[in-house]
Every structure is written in structure tokens, then in C-alpha cells.
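What follows is a single structure, written as C-alpha cells, with notes after it.
Below, chain A is the first sequence line, B the second, and so on; all start at residue 1.
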Amino acid sequence: MSIDSGKNTEGANKPYSPQEIEKEIYQLWEKSGFFAPDAPEAHQPETGNLPSSKLTNWKTDKLENSALGEAEGFCIIMPPPNANEALHLGHAVMFTIEDALIRYHRMKGDKTLWLPGADHAGFETQVVFEKKLEKEGKSRFDFDRETLYQMIWDYVQKNKHTMEEQARSLGASCDWSREKFTLDPQIVKIVYDTFKKLYDDGLVYRGKRVVNWCPKHQTGLSDLEVKYEEREDKLWYIKYPIADPSTSSGYKTSNLSPEQDDKVAASKAYIIVATTRPETMLGDTAIAVNPKDKRYKDLVGQKVKLPLTNREIPIIADSAVEVDFGTGAVKITPAHDQTDFEISQRHNLETLEVIGKNGKMTEIVPEPYRGLKTIEAREKVVADLSAQGFLEKEEPYKHTVGACYKCGRTIEPLAMEQWFIKIDPLAKKAVEAVKKGNVKFVTKKYEKIFLHWMKIIKDWNISRQIVWGIKIPVWYCGAAPSAAESAEASRSEAKADKCFVISDDKPDKCEKCGATEFEAETDTFDTWFSSGQWPFATLKASQPGDFEKFYPTSVMETGYDILFFWVARMIMLGIYCAGDVPFKYVYLHGLVRDKDKQKMSKSKGNVINPLAVIDEHGADALRMSLIFGTSAGNDIVVAEDKVVAQKRFANKIWNASKFVLDNISDTDNPDLHPDDTDKKFTKQDKWILKELKRTIKKVTQDIEKYKFHEAAQEAYHFFWHKFCDKTIEDVKIRISNNATDADAGRLVLWTVLRDSLKLLHPFMPFVTEAIYQKLPAKPKEMLMIEEWPTS
RNA sequence: GGGCGAUUAGCUCAGUGGUAGAGCGACUCGUUUACACCGAGUAGGCCGUAGGUUCAAUCCCUACAUCGCCCACCA
């Protein structure tokens with residue numbers, strides 16, 4: 001890595017080669033210790049050791065003002081990448097923007113902390129790992145909990161290391177000495193404390209609710225983890241005979257369409273319901289109609305006989321039922337439908353679980369259906385209903401069905417005991433904080449989306465039936481069930497209504513019931529429960545004083561796709577646990593798309609590996625291309641063209657610098673002291689110096705306003721098309737003519753180059769630092785800790 | 001069904017209450033000793049449509065069209 005000086009022609013015509021210098025430069029930075037906020041040298045001008053060049057006489061007077069002491073804190077908590085796979089371009093965007101911010105603030109003299117981390121990413125990781133097992137012909141159910149956990153642990157440690165190396169190759173100037181992992185003991189302890197606090201405050205409850213059960217992954221999912229797909233299905237109309245037909249004489253049909261009227265008239269002894277899931281009728285515990293529905297007014301309170309079983313179930317009135325849909329009467333299956341469950345709560349209905357966790361019909365259904373898969377049961381139920389004359393009709397029906405966001409398997413709503421967080425009190429505070437401006441969204445539109453979501457938010461199911469994660473610190477009182485019992489029987493039912501103790505470790509005795517034997521909870525926390533505490537948890541687990549100095553952090557920068565999953569939860573939990581918002585600004589970047597605007601995904605095969613791009617074009621080029629022509633919150637299109645364009649820019653910077661350095665270090669030329677030369681500034685010189693000031697001002701303002709793309713473009717345009725195309729070309733002639741104003745020109749070249757390197761450094765740290773290392777006059781050890789120029 | 005966006009050059013996208021911008025591409029010149037991963041130029045846009053506010057609208061407002069995203073318990 002050298003900029004060939006002077007007459008050495010060997011390196012001429014050789015393009016800038018980032019591969020040769022980037023690794024070396026990163027090591028220089030990392031070894032220096034300047035990534036940490038507490039490296040005092042980072043904020044002091046270096047007084048000794050300056051090269052003896054005459055150029056050093058002319059150094060910025062701002063150096064003397066570099067006041068130590070009152071430096072402001074600037075802190076970004078890095079969104080911890082999932083430690084389960086290599087980084088993708090979305091991460092590259094995150095690293096680029098955050099690193100640019102961090103480098104800018106570091107140069108401004110702020111005490112700057114960028115705290116890196118890695119996320120165990122519970123369910124995500126387990127899914128990735130299970131796929132790996134599948135490829136090897138195994139299943140997670142082949143292993144006991146401890147073995148499986150250890151296997152995933154080893155797998156994650158390996159990936160975590162890969163991720164860190166990738167971050168380095170992107171130039172991330174984060175403080176690795178403070179890196180945290182979501183499963184670090186200190187972090188886990190904080191998560192436990194939070195859970196306890198929530199419970200003590202009555203904000204955690206255990207309850208039977210309908211959860212989104214994925215039969216493949218055998219776990220419940222939060223509402224956010226369910227994706228809805230449109231399906232062509234059928235709507236079956238089933239006749240439920242009124243238990244005592246004689247009382248149905250008052251049955252009013254006047255509000256029905258003529259067609260419906262006929263049918264009802266022909267079957268007065270029935271009430272007809274429409275359903276997309278006939279198999280669940282075996283678990284029906286009521287029929288519900290809208291209280292305002294005059295057609296059914298007289299039937300409310302009566303009973304119907306459930307076909308295929310001998311059970312009688314009541315007809316109830318509930319306003320959740322839509323009058324206009326279907327027949328206006330709906331079958332209620334509390335155990336397998338969210339709405340039905342809520343209705344059942346209001347009417348104290350029994351909950352019958354007819355579908356098990358394995359997606360098959362349970363033991364409590366009539367014998368012929370037991371053990372059938374739901375889809376088989378559906379066919380049989382329909383056939384039987386039809387044979388017995390209970391099927392009124394079926395019609396095609398298009399509707400949306402919930403599916404697991406990972407495997408696409410249809411979600412099976414099941415009533416289960418789960419841990420929930422009462423979200424309303426937390427959401428209210430979060431909304432207040434945002435409305436008061438304590439948290440500002442850099443892109444306003446996300447504030448609206450956030451507020452809208454907080455309005456409709458529901459209690460948060462934080463239990464997952466997976467092993468990879470932080471175990472919920474609950475101990476159920478009483479002896480552990482035998483192996484046989486626990487193997488098959490559903491854990492949640494066995495534990496329902498049991499007394500329990502919340503404790504990090506196995507307790508000695510339960511204060512409430514006196515139990516001395518305990519069964520440990522096996523559920524783990526939703527990964528977002530722990531990462532939702534990340535800003536304060538990392539700072540508290542970090543070095544003493546970090547929390548006090550850096551909380552609330554300055555900015556949270558992440559993708560908009562995890563606004564609800566993560567950002568909202570951090571705001572809620574941050575306020576609740578740490579007494580203040582976790583960050584002052586939220587900057588949300590968009591999704592990275594390919595040149596055809598397609599979302600990058602493995603299945604489409606259009607994923608670009610950032611490392612491959614770096615290998616080919618350099619990290620600077622990649623970074624710049626991710627910022628150029630983008631804007632906050634909008635999706636980012638990455639095509640190789642763009643990267644190549646920025647690679648050329650890096651080359652341009654390299655070569656222009658080479659020219660400048662070759663010329664200003666020419667000792668045959670007279671003194672470059674400004675006193676002697678500034679009077680000889682040409683009109684052209686004054687123009688570029690003025691443009692420089694203007695550019696510094698613009699770039700600074702743009703970064704302060706989080707308009708990175710504008711800042712980068714401004715710096716780019718200034719350097720290439722003003723400095724290189726105009727000034728260098730102009731001065732080049734003056735120098736070769738040995739004109740009287742040649743030295744003034746040299747001074748201009750030097751001045752503009754030096755400040756340009758600073759302006760470009762946050763975006764293209766490698767090439768700018770490499771050149772800085774070659775400067776004859778180097779007030780600081782490295783560009784990374786140089787003074788940000790002022791206009 | 002609700003909510004939120006987008007519509008600007010051939011392509012990908014910035015931007016602004018006052019003569020329209022970049023990158024890539026196209027075309028014409030130029031092998032000038034930092035760089036051909038270059039330079040000098042050129043072409044190309046009623047800034048989605050229709051109204052409104054304004055001295056002035058691509059920008060603000062209202063409809064409409066098209067596209068996209070998010071949210072949602074019509075069985």
C-alpha cells in the first residue's frame with residue numbers, strides 16, 4: 001500500500017486496489033483502541049512527532065480548540081445480527097449507516113460508543129438449525145433438550161465469529177471490547193429481573209388462550225409471526241337441529257332473502273351455520289347469533305343437538321357475530337378459534353380441545369375421528385354430515401388463512417396455557433413518549449405507523465415451546481411428573497392452575513404452598529422479549545458508568561421490517577425497566593432489493609453476499625453504493641453498476657490524492673506557507689475554497705439531519721467534479737508552467753484534499769485513511785480521529 | 001375491510017413554493033505526464049391525471065387512476 005511518490009512510474013496506470021489495504025487499515029484502527037469511547041488520545045491533538053515538512057506550519061487552528069472533558073456522549077447500540085447465518089446486504093446497510101454516524105461523531109470529538117452484539121434469535125435459529133438437521137436426516141425430536149441446546153450453542157458460536165469478521169471487513173468501528181450476546185449470563189439475569197418485575201406489577205399473567213400453533217415447529221407464535229395467505233376454500237353450511245323443535249314455531253324468517261327464506265322454511269327444525277372448518281364442529285360448545293338479529297331472537301337460550309355427537313349446546317347471543325355473513329349464526333369452537341374463545345369467555349362456555357398439538361384429532365372426539373389429521377377429519381365429517389342429511393350445501397369461498405411465517409404450514413389455533421404480557425399500560429407510556437417527542441422518528445411516516453399499531457396492540461404471548469432461548473424462570477410446585485407422563489401429556493395442561501415460584505434458580509421452598517419439590521418451566525422466552533431490553537441491558541452489563549453516560553442512547557438504526565417486533569418493544573420495555581426511552585431517534589432504513597426491485601431471498605436465489613462484493617470492489621465501494629441514491633425509510637436498490645461506479649470513485653480519490661501528494665512534496669518548490677501564497681490565490685482558487693466551505697457546511701448539516709445520501713452525494717460531486725475536474729486540472733497547468741501562482745495552487749490542493757478526506761471518511765473510511773497515512777503533514781495518528789472540518 | 005406510501009430522464013433513484021438533478025446507459029469529440037475505472041461536450045422530462053390554494057405548484061390541498069407495503073377475529 002503506497003502511493004508512489006514522484007517520478008516512480010512503476011505504479012502508474014495501476015488502479016486503486018482496495019483488497020491490498022483494507023485489512024491492514026482495519027487492524028491499524030482496531031489496535032489503536034480508538035473504537036472505544038474512553039480512549040483519551042482520541043480527543044487530544046497530537047503535538048509531537050509531526051513530520052518536518054514545511055506544510056506542517058500550516059495546520060488547522062481548530063486543533064487548539066479540541067477541548068477535552070466536556071465531550072458529549074454519542075451512542076448507538078448495534079442491532080445484534082442473528083448469530084445463525086452469514087450477514088446479508090441488509091446488515092451491510094446497517095453497518096454502513098451506523099459506522100458513518102459513529103465516525104462523524106468521533107471526529108466531531110464526541111465520546112462515541114458503538115456497542116456491538118449478537119442475538120441468539122431463538123425461534124429463527126432453531127428453525128435454521130432444524131433445517132440443517134433435516135438435511136442430515138434427523139429431527140430435533142431425536143435429541144433431549146440439553147443435547148439439542150448444546151448443539152445449537154456450538155453452531156451459533158461459530159456463526160457469531162463469522163459475523164464479527166464480516167463486520168470488520170465492512171469497516172465497522174465498533175467497540176469490540178464491549179460486545180454482548182443475548183445469552184450472556186449478565187443479560188439473562190437482567191431479562192429474569194424484568195420478568196419478575198413485570199409479574200410483581202401484575203403485568204405478566206399465565207393463562208389459557210388461543211395461540212397460533214405451528215404443527216411443524218411445535219410451538220406457539222406471536223401474532224406478528226403469522227403471515228396471512230389467501231386460499232381458495234369452501235364454506236360448508238351445516239344444519240344443527242333444534243333440540244326441541246316444538247318451540248321453534250315462532251321462528252321468524254321475514255329478514256331473510258327469498259332464497260334463504262325457502263330454505264329456512266323447509267327446515268324449521270334447524271339452525272344453519274356456515275363454516276370453513278367442519279372438523280372443528282366436534283368441539284363446538286355453542287351456536288352464537290347477533291343479539292340484534294331478529295331472525296334468531298326467539299331461539300336464543302334454546303339448545304341444538306350437535307350432529308355426529310350426542311351433545312346439546314346452547315344458542316347464545318353475542319355482538320361479535322356479523323348479521324350479514326353466512327346465515328348470521330356461527331358455531332362456537334372455543335379451543336380452536338380466537339374469536340370463538342373470546343365469545344366463550346363472555347358466556348362461560350366449556351372449552352373442548354378436539355385437535356392436538358400434533359395436528360391430529362384428540363381422544364375426546366367420537367371414535368371414528370380419533371387420531372385423524374385435521375384435513376382427513378374434515379373430509380370424513382363432511383361425508384358423514386352429508387350422509388346423515390345435516391349438510392345443507394357447500395360453496396366455494398376465498399379467504400385468508402394464517403400460516404407459519406417460516407414454513408408456511410397452516411396455523412392451528414389451539415387453546416393453551418401461555419405466558420402473556422399485559423401490554424396496554426406499556427403501550428400507553430410508549431405512545432406518550434413518542435407524542436412528547438422523547439423518541440423521534442427520522443422518517444415521519446413510521447411514527448404514524450407506530451402509533452397506529454400501538455393503538456391496536458394486543459397482549460403479547462412471550463412463551464415459546466422451543467429449547468433455544470432463555471428459559472422462563474418459573475418453577476411449578478410439586479414433584480416432577482414421570483418421564484412417561486411428561487413425554488406425551490401436554491405440559492401446559494399438566495401445569496394448569498398450579499402454584500409456581502418465579503426464581504432464577506431452583507427455589508428451596510414455595511412461600512405460598514410450602515412445596516419443596518418443583519418442576520421447571522420448559523418454555524423459553526420469545527426472542528424479542530430479551531432483545532426488547534437490549535439497549536439498557538447491554539449498557540448495564542457493560543463497563544461501570546456506561547449506562548449512566550449513554551442511556552438513553554442517541555439513535556436506533558434498523559430496518560423498518562422490525563419496527564413492531566423490536567423497536568416498539570424496546571421503547572415499551574425501556575421506559576418500563578430503565579425509566580426512560582431507550583433512544584432519542586429512530587432511523588429506519590429500507591429493504592435491500594436487487595436490480596429488478598425484487599426482495600432478496602434465498603428461495604429466489606438473488607441474494608448478494610456482501611463479502612463477495614467487498615472482495616471484488618472493496619468495502620468503500622459497497623458502502624457508498626448503499627447510501628448513494630437512497631433515502632431514509634425507502635427500499636434500497638443494489639445493482640452491480642452502482643457498486644462499480646463507487647469503485648471508480650474510490651479509484652478517483654486515490655489517484656487525485658496521488659497527484660496532489662506528488663506535487664506538494666516536491667522540495668524543489670518554494671515555501672507553501674499561506675502568508676506568502678494566499679495573496680496569489682487566483683479567482684479559480686477562491687472559488688474552490690468557497691465551494692469547500694459550502695460543501696463542509698452542507699455535508700455536516702445533512703449528516704446531522706440524517707440525510708446521509710445527500711451528504712454523500714454532495715461530497716462525491718464536490719470532490720470529483722469540482723476539485724478534480726476543475727481545480728486539479730487548473731493547478732496542473734500552473735505547476736507545469738512553473739507559474740508564479742503555482743504555490744498558491746499547491747496550497748489549495750493540499751487544503752482541499754485534506755478536508756475532502758475528512759468529509760469522505762465516514763462513508764469511505766478505508767481509502768481515505770490509507771491516503772491520510774501517506775500525508776506529509778499528519779496532525780493526528782489517523783484520519784479516524786481527525787477533527788471534523790468546520791466551515 | 002382499515003392504515004401508510006409511491007408515481008420525476010431509456011433504467012435505478014434523489015430533490016425543491018420561483019430556469020428540473022445524480023448515477024448508469026446513449027451519442028459526439030479527445031490516447032493532455034493523478035486516473036481511460038479518464039476528460040470536454042450533446043441529446044433526453046407538460047415531475048401519473050383533473051381540479052383548488054398562491055404573484056408563482058413537480059412540491060401544499062382535494063378527488064381520481066395505477067402500483068406497492070403494513071395491519072385486520074367475518075365464521
Pick the C1' atom in B:G52 and in B:C67, then give their distance to the nearest Å.
-> 26 Å
Pair A:Lys393 + A:Glu395: basic N to acidic O under 4.0 Å | yes
Determine the interatomic distance between P on B:C47 and the same-named atom on B:G10; round to the nearest Å.
-> 13 Å
Find the distance A:Leu563:CG to B:G3:P and express it as a whole number of Å.
-> 18 Å
Mind calculating the distance between CG (A:Asp620) and C1' (B:C37) to the nearest angstrom?
-> 15 Å
Any idea how A:Phe564 and A:Trp453 line up, ring-wise: parallel (<30°), tilted (30 to 60°), or perpendicular (>60°)?
-> parallel
Can you tell me, in whole Å, how much space there is between the C1' of B:G15 and that of B:U49?
-> 22 Å
Taking the side chain as every heavy atom from C-beta outward, state whether A:Glu392 and A:Ile238 have any pair of such atoms under 4.5 Å apart.
-> no
Rounded to whole angstrom units, what separation is found between the CG atom of A:Asp594 and the C1' atom of B:C13?
-> 15 Å
C1' gap between B:C29 and B:C59, integer Å | 39 Å
Just checking A:Val321: base, sugar-phosphate only, or nothing, at a heavy-atom cut-off of under 4.0 Å?
-> base
Side chain of A:Asp702, backbone of A:Lys707: donor and acceptor closer than 3.5 Å?
-> no
Of A:Ile449 and A:Lys227, whose closest RNA chain B nucleotide lies nearer the 5' terminus?
-> A:Ile449
Under 4.0 Å between any heavy atoms, over every strand shown, what does A:Lys331 touch: base, sugar-phosphate, or nothing? Just pick one.
-> nothing
Gap between atoms CZ and P, on A:Arg277 and B:A75 respectively (whole Å) | 12 Å
Looking only at atom types and distance, does a side-chain atom of A:Gln19 sit under 3.5 Å from a main-chain N or O of A:Asp615, one as donor and one as acceptor?
-> yes
Which nucleotide sits closest to the side chain of A:Leu224: B:C73, B:C71, B:C74?
-> B:C71
Which nucleotide in B:A34, B:G5, B:A75 has an atom nearest any side-chain atom of A:Val330 = B:A75
Per nearest nucleotide of RNA chain B, the residue lying toward the 5' end, A:His399 or A:Ala656, is A:Ala656
Which distance, rounded to the nearest 0.5 Å, do you find between the CZ of A:Arg734 and the CG of A:Asp743?
-> 9.5 Å
Spacing of A:Glu279 atom CD and A:Thr333 atom OG1 [to the nearest 0.5 Å] = 9.0 Å
Is there a donor N/O on one and an acceptor N/O on the other, under 3.5 Å, for the side chain of A:Lys652 and the base of B:C35?
-> yes
Separation between the C1' atoms of B:U32 and B:C46, rounded to whole Å = 43 Å
Given atom CG of A:Asp324 and atom P of B:A75, what is their separation to the nearest angstrom?
-> 14 Å
Using the benzene-type ring in the case of Trp, are the ring centres of A:Tyr446 and A:Phe450 under 6.0 Å apart?
-> no
Could you check how far OH of A:Tyr560 sits from P of B:A6, rounded to whole Å?
-> 13 Å
Are A:Lys448 and B:G5 close enough that a side-chain N or O sits under 4.0 Å from OP1 or OP2?
-> yes
Quick note, A:Pro15 side chain, CB onward, closest among B:C37, B:G5, B:A40 is B:C37
Looking only at heavy atoms, the pair that brings A:Val382 and A:Pro278 closest together is CG2-CG, 3.6 Å
Pairwise P distance for B:C60 and B:U66, with rounding to whole Å = 23 Å
With A:Lys239 as the cation and A:Phe390 as the aromatic partner, state whether NZ or CZ is under 6.0 Å from the six-membered ring centre and within 45° of the axis.
-> no
Encode nucleotides 14-26 of chain B as B, S and - characters from 5' to 3', where the letter depends on protein heavy atoms closer than 4.0 Å: B to the base, S only to sugar-phosphate, - to neither.
-> SSS-----SSS--
If the C1' atom of B:C4 is compared with that of B:G39, how far apart are they to the nearest Å?
-> 46 Å
Base B:A72 to side chain A:Gln338, donor-acceptor N/O within 3.5 Å cut-off | no
Just to confirm, is there a sub-4.0 Å distance from OP1 or OP2 of B:A75 to any side-chain nitrogen or oxygen of A:Tyr397?
-> yes
Examine the side chains of A:Glu342 and A:Thr339 and answer whether a donor and an acceptor come within less than 3.5 Å of each other.
-> no
Answer with base, sugar-phosphate or nothing: what part of the nucleic acid does A:Ile728 contact at a heavy-atom distance below 4.0 Å?
-> base
Rounded to whole Å, the NZ-C1' distance (A:Lys458 to B:C71) equals 11 Å
Ring centers of A:Phe628, A:Phe708 separated by less than 6.0 Å = no
Pairing string of RNA chain B (Watson-Crick or G-U wobble, both atom distances under 3.5 Å; | = paired to other strand) is (((((((..((((....[..)))).(((((.......))))).....(((((..]....))))))))))))....
Please state the P separation for the pair B:A40 and B:G5 - nearest whole angstrom.
-> 42 Å
Look at A:Lys732 and B:A34 and indicate whether a side-chain polar atom (N or O) is within less than 4.0 Å of OP1 or OP2.
-> yes
For A:Phe564, answer base if it contacts any base atom (sugar-phosphate contacts may also be present), sugar-phosphate if it contacts only those atoms, and nothing otherwise; contact means non-hydrogen atoms under 4.0 Å.
-> sugar-phosphate
Separation of B:A34 atom C1' from A:Asp725 atom CG, nearest Å, is 12 Å
